Amino acid sequence: MSRLFHFLQGGSTICTPTWTSSGIHESAHKIYVPQSGRGFYDVGPGETELRAGRLYLIPGGRRHRYRCPHRFTVRWLHLHAVDHALDQLLAGIPAIRSWPIAHWHHAQRAWTALDDFFPYREPAADLRLQALLADITAEIIGDAPPPPPEAAIMRARLAPAAAWLDAHACANPQLARAAREAGLSPIHFHRLATRCWGETPHARVQRVRLEKAAALLGNDRDQTVAVIAQQ
């Protein structure tokens, strides 16, 4: 089953004043749905109070600071977007986003399933969470200013090369062949792709390989790690 997001860990937790950090780099994005009490979270530019009745998206890729003055019960989920560009878009959100939980009432079965989603990842619950995150991400993208015209043109020019690299990631794809897919010289392709994708073509191939391995690990529990690594 194709997924938009990798769910790393999550659950339902009762936090106490020991839940505190003065600043730690967090690569994953987070969904928080507080149930009672209150906590405080800061990814810049300022501290946000987390309180019951709201759903929070906390962007990763930066230093996180958080604290709990008394007692704080929260459902939570750590995640990455499968697509690197989408993951970078989420990481680029300038501050914590939040909505009244009633805004996502139609998806209540998704975030309440976090109580016991891990480690078994029941397929129906996984699909509901995927849909909720897709909905949240679509709302964020809809609120974002449109990209500069030249950026859209560059992405369209590189799209055939991106699709070819992704499809052949496990077969040692050659930079020159990917460049031909975009109608560019290898040097020009490498420069434009790195600027557009936020990663080099080689880094893209390595990331796609790891994502394929992660999908196999999650979906086929009969295969050993050695077999998956070879694939």
Side-chain angles (χ1 to χ4, degrees), residues 1-10 24-33 41-45 48 55-64 66 76-99 104 107 110-111 114 117-118 121 126-148 151-152 154-156 158-159 161-170 173 178 190 192-219:
M1 180 175 61
S2 179
R3 292 175 170 83
L4 287 173
F5 302 94
H6 287 314
F7 300 137
L8 307 176
Q9 55 183 333
I24 182 171
H25 186 273
E26 297 271 7
S27 62
H29 316 297
K30 303 180 180 182
I31 291 291
Y32 275 22
V33 186
Y41 216 109
D42 180 11
V43 298
T48 297
L55 182 147
Y56 298 85
L57 173 66
I58 303 172
R62 65 193 77 181
R63 293 182 70 82
H64 287 205
Y66 46 84
W76 56 280
L77 177 67
H78 294 186
L79 63 123
H80 279 295
V82 172
D83 180 78
H84 179 72
L86 181 57
D87 204 61
Q88 291 296 103
L89 184 149
L90 291 175
I93 299 170
I96 294 171
R97 292 289 302 270
S98 75
W99 300 264
W104 305 108
W111 47 264
L114 286 172
F117 180 65
F118 293 91
R121 302 180 188 234
D126 188 294
L127 283 170
R128 292 187 186 105
L129 283 169
Q130 294 284 339
L132 171 61
L133 265 297
D135 209 359
I136 289 172
T137 304
E139 187 148 320
I140 290 170
I141 292 173
D143 293 341
M154 188 186 302
R155 281 200 304 274
L158 295 173
W164 186 84
L165 279 174
D166 292 355
H168 297 83
C170 295
H190 189 278
L192 288 181
T194 301
R195 186 195 315 165
C196 180
W197 299 340
E199 59 183 347
T200 65
H202 176 73
R204 183 186 184 103
V205 168
Q206 295 296 91
R207 175 175 55 79
V208 171
R209 283 178 171 173
L210 289 173
E211 288 168 357
K212 289 178 182 292
L216 288 170
L217 284 168
N219 296 333

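Throughout, residue positions are numbered sequentially from 1 according to the sequence presented. The structure presented is a predicted model; accordingly, all values stated were derived computationally and were not measured.
Remark: the backbone N or O of Gly61 is not paired with any side-chain donor or acceptor of Glu26 at under 3.5 angstrom. Proximity of a side-chain donor or acceptor of Arg63 to a complementary backbone N or O of Asp42 within less than 3.5 Å is not detected.
Remark: His168 engages Trp164 in a side chain to side chain donor-acceptor pair (under 3.5 Å) (not counting sequence neighbours). Applying the salt bridge (Lys or Arg N to Asp or Glu O under 4.0 Å) test to Asp166 and every residue at least two apart in sequence or in another chain returns Arg204. In this structure Ala91 satisfies the side chain to side chain contact (heavy atoms under 4.5 Å, CB included) test together with His29, sequence neighbours excluded. Among residues two or more places apart in sequence or in another chain, the side chain to side chain donor-acceptor pair (under 3.5 Å) test is passed with His64 by Tyr41. Every residue meeting the side chain to side chain contact (heavy atoms under 4.5 Å, CB included) condition with Val33, not counting sequence neighbours, appears here in chain and number order: Ile31, Gln35, Leu55, Arg75, Ile101, Trp111. Taking the side chain to side chain donor-acceptor pair (under 3.5 Å) definition, one finds that Gln206 meets it with Arg209, sequence neighbours left out. Residues satisfying the ring-ring contact (aromatic ring centres under 6.0 Å, His included) criterion with His84, sequence neighbours excluded, are absent altogether. Not counting sequence neighbours, Thr48 has no partner by the side chain to side chain donor-acceptor pair (under 3.5 Å) test. A search for side chain to side chain contact (heavy atoms under 4.5 Å, CB included) contacts involving Glu139 returns Trp99, His103, Trp104, Asp143, not counting sequence neighbours. Checked against side chain to side chain contact (heavy atoms under 4.5 Å, CB included), Leu86 has the following partners two or more places apart in sequence or in another chain: Phe5, Ala81, Asp83, Thr137, Ile141.
Using a 4.5 Å cut-off on side-chain heavy atoms (C-beta onward), Leu129 and Phe117 make contact.
With respect to Glu199 and Arg207, a salt bridge is recorded, a charged nitrogen being found less than 4.0 Å from a carboxylate O. The residues Arg3 and Asp126 are annotated as salt-bridged, a charged nitrogen and a carboxylate oxygen being separated by less than 4.0 angstrom.
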